[in-house]
Amino acid sequence: MKVLFVSAEVVPFSKTGGLADVAYSLPRALIKEGVDVRVMTSRNFHNRKVDVEERHLLNTEVEVGWRKQYLGISMTEFNDIPFYFLDNEYYFKREGIYGHFDDAERYSYFCRAALEALIHLDFEPDLIHFNDWHTAMIPLLMKKHYGHIEKFSNIKTVFTIHNLRYQGVYDAQVLNELLNLDYSEFESGAVEFFGGINFMKSGITFADAVTTVSDTYAKEIKEPYFGEKLHDLIRDHEEKLHGIVNGIDFEIYNPEIDPKIVKNYTYKNSSRKQINKEHLQNIMGLKKSKRPLIAMVSRLADQKGLDLLEHIIEELLELDIQLVVLGSGEEKYENMFKHFSYHYENLSASIGFNEELAHEIYAGADMLLMPSLFEPCGLSQLISQRYGTVPIVRETGGLRDTVIHYNKYTQEGSGFSFGSYNAHELLFAVKRALELYDNKKEWRGLVKNIMQLDTSWKQSALKYKALYQDLIGV
Ligand code: ADP
């Protein structure tokens with residue numbers, strides 16, 4: 001079974017969030033299950049973490065409206081995963097992966113380039129697995145521009161929604177001027193969205209199967225509150241929608257061997273976390289203290305529940321705790337953390353994207369805060385569990401599926417959670433965690449338990465494999 005996995009970001013070459021982790025670790029897990037997966041991404045290496053040898057394969061051109069744009073294709077192999085890079089410096093040699101004025105053009109090009117590349121490559125996939133809006137025009141483009149070519153005639157498609165909020169909504173002229181399509185699918189309503197076009201809608205409509213990254217999110221997005229104005233469409237396609245929870249790569253996120261942390265440890269000697277905690281306090285300019293250290297590693301976006309935190313942050317900082325924040329994103333939240341860290345010596349905020357520091361935080365903190373408004377899956381809580389850092393989350397999406405509120409009577413659970421999107425419920429959940437922290441024996445028990453949870457990709461990769469097999473009919 002041959003699968004082309006297409007993603008705008010992928011570890012270790014580019015990353016803004018969880019999509020990049022998944023685009024590396026899911027293909028890797030599938031390869032272990034005997035699937036021939038190759039990953040395709042743009043040659044956008046602005047935060048590339050490794051040096052690999054690339055083989056240049058070929059140059060060709062891609063139609064973008066009336067223009068023909070350069071496409072270079074190179075290849076490398078990293079940790080047994082074959083990667084194809086689509087190169088066009090005009091579109092991709094930039095800081096950042098998204099958020100440019102011409103994203104409609106950049107990702108129209110990317111979708112078309114992925115298919116154009118397939119014409120030339122010595123690889124005949126049975127299935128294309130594409131991810132989020134940046135790739136979501138692939139099935140429609142395939143049908144309209146490549147349907148007559150034998151190599152494409154039997155290719156099945158799977159679309160994974162990692163976050164329904166970001167949809168790629170643009171002027172309808174994009175269809176004609178960038179994607180070389182007529183207006184028939186606009187007029188039929190298949191890609192139309194409030195008078196414009198919507199990449200994500202197109203992906204959902206034309207993919208053979210749609211998945212999203214947790215069971216609960218798969219249910220939530222059928223409702224108006226979470227459906228981002230696409231809930232009716234998602235209901236119309238619910239028979240092809242599957243919720244498959246993300247895992248994490250147990251080699252990258254493993255406190256026993258992680259080279260990015262100062263002291264390695266396992267669930268058997270988790271007290272060594274203390275050394276990582278002291279190191280973290282040190283590098284973040286916090287006082288050495290045995291009191292609970294709460295952390296947040298997050299994109300700073302509304303989705304992440306930062307307005308809730310803002311509401312109670314002073315009450316929180318008046319408690320006998322320390323707070324460490326690593327994040328980047330919306331300026332108002334960056335300023336919020338800068339402001340409060342100026343006023344409170346027990347808050348230290350690092351604004352930016354820093355992979356090494358993220359690992360040091362997961363290893364050194366006692367608790368991780370994730371009060372998200374919505375959370376398709378969430379990886380930070382899974383990573384924190386693996387490092388024995390107890391997550392405190394709101395019960396939504398994947399957070400609901402992966403963090404079970406601690407029951408002090410049975411001593412079962414994998415973190416702390418709260419239901420309503422309410423700042424004092426958040427504070428209350430934190431206080432419950434702080435209470436348990438002072439009961440050393442029970443706290444150690446909880447830390448030990450969460451470190452042993454199996455949140456690896458194995459089970460979920462098998463579900464994807466079964467889905468692929470079902471579609472291809474093998
Ligand atoms: P999302 O994809 O919505 O950003 P996830 O929890 O699924 O949220 O994934 C976030 C990933 O990005 C995790 O691997 C997390 O450690 C990482 N991350 C988030 N913000 C930062 C940051 N500022 N620096 C380093 N890593 C970060």
Side-chain angles (χ1 to χ4, degrees), residues 1 3 5 7 9-12 15 17-37 39 49 78-81 129 131 158 160 162 211-218 242-261 264-270 273 297 355 358-359 361-363 368 370 375-391 393 397-404 412-415 446-469:
M1 191 161 47
V3 174
F5 193 95
S7 173
E9 54 181 287
V10 51
V11 163
K15 174 168 171 177
L19 170 61
D21 285 312
V22 173
Y24 165 83
S25 49
L26 172 58
R28 186 157 160 75
L30 284 163
I31 288 168
K32 286 186 187 154
E33 298 306 326
V35 185
D36 179 358
V37 187
V39 179
K49 288 289 179 306
F78 179 77
N79 280 351
D80 303 328
I81 309 170
H129 187 158
N131 297 276
V158 173
T160 296
H162 296 262
T211 73
T212 188
V213 290
S214 69
D215 246 340
T216 296
Y217 195 59
H242 310 260
I244 304 178
V245 71
N246 283 338
I248 53 170
D249 189 295
F250 266 30
E251 288 164 16
I252 295 179
Y253 298 112
N254 182 355
E256 195 175 353
I257 53 168
D258 187 342
K260 296 190 174 78
I261 65 177
N264 292 115
Y265 58 98
T266 69
Y267 72 93
K268 290 184 188 140
N269 53 25
S270 61
K273 257 179 91 62
V297 179
E355 194 80 40
H359 283 243
I361 292 176
Y362 289 122
L368 180 98
M370 253 178 120
E375 194 61 73
C377 177
L379 296 179
S380 294
Q381 82 282 11
L382 303 179
I383 302 169
S384 82
Q385 285 169 331
R386 180 99 168 118
Y387 283 75
T389 298
V390 176
V393 306
L399 296 175
R400 184 166 179 266
D401 297 349
T402 57
V403 178
I404 310 298
E412 284 168 342
S414 51
L446 174 58
V447 168
K448 219 172 167 173
N449 287 347
I450 60 177
M451 287 188 75
Q452 291 177 84
L453 293 170
D454 181 6
T455 51
S456 70
W457 264 106
K458 174 98 183 163
Q459 294 311 321
S460 294
L462 289 174
K463 288 187 186 158
Y464 278 107
K465 185 178 176 185
L467 175 65
Y468 297 163
Q469 282 171 329

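Throughout, numbering of the chain's residues begins at 1 and tracks the sequence. Remember, predicted model here, so these are calculated numbers, not experimental data.
Taking CD1 of Ile261 as the reference point, atom CD1 of Ile361 lies at 13.0 Å (rounded to 0.5 Å). Considering OG1 of Thr211 and CG of Asn246, their distance stands at 8.5 Å, rounded to 0.5 Å. Here CG of Leu467 is found 5.5 Å from CD1 of Ile244. Values are rounded to the nearest 0.5 Å. Note that the CG atom of Leu30 and the CG atom of Asp36 stand 11.0 Å from one another [nearest 0.5 Å].
For the side chain to side chain donor-acceptor pair (under 3.5 Å) test, residues two or more places apart in sequence or in another chain that qualify with Asn131 are His162. Listed by chain and number, the residues in a ring pair (Phe, Tyr, Trp, His ring centres under 6.0 Å) with Tyr468 are His129 (sequence neighbours excluded). Judged as a side chain to side chain donor-acceptor pair (under 3.5 Å), and not counting sequence neighbours, the contacts of Gln381 are Thr402. Judged as a side-chain contact (heavy atoms from CB on, under 4.5 Å), and not counting sequence neighbours, the contacts of Leu453 are Gln385, Ser414, Ile450, Thr455. With sequence neighbours left out, Ser25 forms a side chain to side chain donor-acceptor pair (under 3.5 Å) with Trp457. In terms of the side-chain contact (heavy atoms from CB on, under 4.5 Å) criterion, residue partners of Glu256 (sequence neighbours excluded) are, by chain and number, Asn254, Thr266. By the salt bridge (charged side-chain N to carboxylate O under 4.0 Å, His left out) test, Glu251 is found to be paired with Arg28, Lys32, residues two or more places apart in sequence or in another chain being considered. With sequence neighbours excluded, no residue forms a ring pair (Phe, Tyr, Trp, His ring centres under 6.0 Å) with Tyr265. When the ring pair (Phe, Tyr, Trp, His ring centres under 6.0 Å) test is applied to His359, the partners found at least two apart in sequence or on another chain are Tyr253. Annotation: salt bridge (charged side-chain N to carboxylate O under 4.0 Å, His left out) contacts of Asp21 (sequence neighbours excluded): Lys15. Checked against side chain to side chain donor-acceptor pair (under 3.5 Å), Tyr217 has no partners two or more places apart in sequence or in another chain.
When atom types are taken as modelled, the side chain of Asp401 and the backbone of Asp215 share a donor-acceptor pair closer than 3.5 angstrom. A donor-acceptor distance shorter than 3.5 angstrom exists from the side chain of Lys273 to the backbone of Tyr387, with no hydrogens or angles considered. Distance alone, capped at 3.5 Å, is enough to place a donor-acceptor pair between the Ser384 side chain and the Thr389 backbone.
Judged as a salt bridge (Lys or Arg N to Asp or Glu O under 4.0 Å), the pairs with a partner in residues 448-466 (not counting sequence neighbours) are, in order, Glu33-Lys458.
Stacking of Arg386 on the aromatic ring of Tyr362 is not recorded, the 6.0 Å distance cut-off and the 45° axial limit not both being met.
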